[in-house]
Amino acid sequence: MRAHVGDQLIVESPTTGATKRDGEIVGLHHDDGTPPYDVRWSDTEQVTLVFPGPDAHIHPIAHGPEEPREAAGQRVSAAARRGDRSLSEAVIMALVQDATTAPSMHNAQPWRFQYHRRRRVFHLRADLRGALPHSDPELRALHIGCGAALMNLRVAVAHEGWEADTRVLPDPRDPMLLASVTLTRPLGDEADPAALYPAVRTRHTSRYPFAETEVPGAVRAALVDAAHREHVALAFASGWHLQSVLELAQEAEARNLTDAGAAADLARFTRSADDTRPATEGVPESAFGPRRRIGKAPVRDFAGGKPVPGRPTADFESVPNLALLSTSQDRPVDWLRTGQAVERVLLRATLDGLAASFVTQALEWRDLRWPLRDPMSGMAYVQMVLRLGYGPSGTRTPRRPVDDVLDLEP
């Protein structure tokens with residue numbers, strides 16, 4: 001027995017031969033179409049895992065654009081086979097789990113997803129549980145984090161075999177609805193951005209020292225192109241501009257150590273080894289990285305200047321590779337674009353063997369953010385600063401369970 005997603009599974013009565021039950025196959029577990037299947041039953045709309053018995057058979061449904069390609073002798077991808085009429089609950093949850101591997105400031109995870117089955121549309125909403133009232137009063141960082149999750153969702157949907165229509169801020173009356181992703185039709189293996197998928201779950205923020213090695217020109221060009229695809233500019237700081245960015249980050253770090261509001265945000269989203277709170281968000285002690293002994297790399301100290309037993313010290317790079325992402329305006333739509341660009345850049349960097357961390361300290365202070373720009377380059381609003389280099393890939397940080405961030409709608 002072999003089936004495609006969208007085919008009908010019919011279970012007949014063993015005595016009369018009449019149809020006893022039928023349902024749509026919404027998920028495959030083997031690329032060759034053999035059982036078991038995820039089936040949405042027509043009488044209950046529930047999806048269950050089914051191992052068909054001798055009283056069941058498949059009623060094939062035409063699969064549109066796949067058939068001519070096979071007739072022409074072309075290979076049809078497993079992803080395209082999966083990407084037909086509907087998604088099983090297991091696939092929906094896996095897509096959202098991929099989305100939530102995105103980075104966010106202090107790993108606050110400021111997102112929530114809804115999936116509407118009949119319309120085949122994901123909604124991405126802001127989750128104010130992940131807001132940082134002192135460090136991010138305008139919710140700029142919240143939008144950037146959600147934009148990164150949106151990018152991951154786009155990558156995962158493409159990997160699953162779907163072409164999608166993505167709209168940011170689709171309803172002006174609902175500012176917390178940040179984006180919609182509507183699944184439209186199947187697409188092939190090589191479609192952008194599916195090629196980035198291998199990096200989705202291997203990308204981690206690294207707060208470790210990097211080698212004193214310059215990022216090669218070809219890799220820099222690829223990262224510039226990745227940001228440009230999301231309508232965001234990326235430039236590497238050098239010379240006097242690099243020195244200025246380092247000094248601004250140092251000033252911001254010093255302010256954060258004495259600012260009660262910044263300390264409160266940090267305390268809320270950091271986890272010591274003996275912390276009894278659920279480990280579903282924030283930065284655990286195991287991901288703090290070593291304390292800087294020497295070097296100029298602007299790595300945030302998540303310990304807030306406090307001693308951590310057993311935490312090592314290390315020498316960081318003296319000339320770090322810093323990439324600044326900027327936009328021509330400074331609106332929520334620009335912040336969402338930046339988030340998508342940041343994650344696309346990070347996924348591309350991961351595939352190219354680079355590690356990365358965030359340099360957001362100066363971005364959290366209004367009077368320090370504007371001087372980050374390089375006026376000679378035409379740079380306008382700096383939205384993010386990334387530290388890139390060759391070194392350890394970083395430590396995995398916790399994520400909220402999918403059922404805590406996903407609502408399934410009819």
Side-chain angles (χ1 to χ4, degrees), residues 103 105-106 135 141 204-217 219-220 223-224 227 233-259 262-263 266 270 283 287-308 311-326 342 345-346 349-350 352-377 379 382-395:
M105 187 173 174
H106 294 6
S135 304
H204 305 299
T205 300
S206 178
R207 301 179 184 91
Y208 291 89
F210 298 158
E212 293 278 6
T213 305
E214 193 170 297
V215 177
V219 177
R220 290 188 178 213
L223 301 181
V224 170
L234 183 149
F236 282 84
S238 62
W240 70 267
H241 184 218
L242 175 60
Q243 184 60 35
S244 175
V245 173
L246 292 174
E247 291 173 357
L248 290 166
Q250 186 178 25
E251 166 66 18
E253 187 75 13
R255 292 187 189 183
N256 287 341
L257 290 175
T258 58
D259 183 81
L266 195 67
T270 51
V283 181
F288 286 4
R291 288 178 55 240
R292 182 176 58 202
R293 182 167 48 218
I294 60 172
K296 295 185 177 180
V299 180
R300 185 191 293 272
D301 183 5
F302 275 90
K306 300 175 183 176
V308 176
R311 186 185 182 193
T313 59
D315 298 343
F316 282 76
E317 58 268 35
S318 58
V319 185
N321 295 293
L322 299 187
L324 282 69
L325 290 91
S326 62
V342 164
V345 167
L346 291 175
T350 301
D352 287 334
L354 288 168
S357 65
F358 294 87
V359 184
T360 64
Q361 296 93 316
L363 294 165
E364 298 156 29
W365 295 89
R366 185 184 293 272
D367 63 319
L368 299 182
R369 182 184 169 203
W370 182 250
L372 284 171
R373 60 191 288 272
D374 176 4
M376 303 299 293
S377 69
M379 188 179 290
V382 176
Q383 303 289 357
M384 181 57 66
V385 182
L386 297 177
R387 167 179 164 258
L388 299 161
Y390 297 96
S393 61
T395 304

- Task: Can you measure from OH (Tyr390) to CD (Glu214) and round to the nearest 0.5 angstrom?
- Result: 10.0 Å
- Compare every heavy atom of Leu266 with every heavy atom of Thr270, then report the nearest pair and how far apart it is. OG1-O, 2.8 Å
- Might you point out which heavy atoms bring Ala349 and Leu388 nearest each other, and give the distance in Å? CB-CD2, 4.3 Å
- Of the non-hydrogen atoms in Met379 and Ser326, which two are nearest, and what is the gap between them? CG-OG, 3.4 Å
- Task: Verify whether one side chain among Ser357 and Arg300 offers a donor that lies under 3.5 Å from an acceptor in the other.
- Result: no
- Item | Neighbour count >12 (heavy atoms, 6.0 Å) for atom CD, Gln243 | yes
- Message: Do Arg311 and Phe288 form a cation-pi contact, if we require the NZ or CZ to be under 6.0 Å from the six-membered ring centre and within 45 degrees of the ring's axis?
- Response: no
- Message: Tell me every residue that passes salt bridge (Lys or Arg N to Asp or Glu O under 4.0 Å) with Arg387, counting only those two or more places apart in sequence or in another chain.
- Response: Glu317
- In terms of heavy-atom contacts, Leu363 and Leu372 come closest through CD2-CD1, 3.6 Å
- Any chance you could measure His241, atom NE2, to Met376, atom CE, to the nearest 0.5 Å? 11.5 Å
- Shortest non-hydrogen contact between Arg207 and Val299, atoms and distance: CB-CG1, 3.9 Å
- Does any non-hydrogen side-chain atom of His204 lie less than 4.5 Å from one of Thr395? no
- Item | For Arg373, all residues meeting salt bridge (Lys or Arg N to Asp or Glu O under 4.0 Å), sequence neighbours excluded | none
- Query: Does the side-chain contact (heavy atoms from CB on, under 4.5 Å) test come out yes or no for Phe210 and Asn321, once each step is laid out?
  - Reply: CA-CA 9 Å; Phe210 298 158; Asn321 295 293; over 6 Å; no
- For residues 243-259, the salt bridge (Lys or Arg N to Asp or Glu O under 4.0 Å) pairs (sequence neighbours left out) are Glu251-Arg255, Arg255-Asp367
- Who are the salt bridge (Lys or Arg N to Asp or Glu O under 4.0 Å) partners of Asp374, not counting sequence neighbours? none
- Item | Test ring-ring contact (aromatic ring centres under 6.0 Å, His included) applied to Phe302 - qualifying residues, sequence neighbours left out | His106
- Yes or no on side-chain contact (heavy atoms from CB on, under 4.5 Å) for Phe236 and Leu234, after CA distance, side-chain angles and deciding distance? CA-CA 7 Å; Phe236 282 84; Leu234 183 149; 3.7 Å; yes
- Work out which heavy atom in Leu246 is nearest to a heavy atom in Pro298; give both atom names and the distance. CD2-CD, 3.7 Å
- Message: How long is the straight-line distance from CD of Gln361 back to CG of Leu257, given to the nearest 0.5 Å?
- Response: 10.0 Å
- Task: Assess whether side-chain contact (heavy atoms from CB on, under 4.5 Å) is satisfied between Phe358 and Leu386, documenting all intermediate values.
- Result: CA-CA 5 Å; Phe358 294 87; Leu386 297 177; 3.6 Å; yes
- Query: Can any side-chain N or O of Ser244 pair as donor or acceptor with the backbone N or O of Trp240 at less than 3.5 Å?
  - Reply: no
- Query: Can you list the residues that meet the side chain to side chain contact (heavy atoms under 4.5 Å, CB included) rule with Pro290, with sequence neighbours excluded?
  - Reply: Tyr208, Pro209, Pro312, Ala314, Phe316
- Message: Rounded to the nearest 0.5 Å, what separates atom CZ in Arg220 from atom CG in Leu354?
- Response: 10.0 Å
- Could you tell me the separation between the CG atom of Asp315 and the CZ atom of Arg293, rounded to the nearest 0.5 Å? 4.0 Å
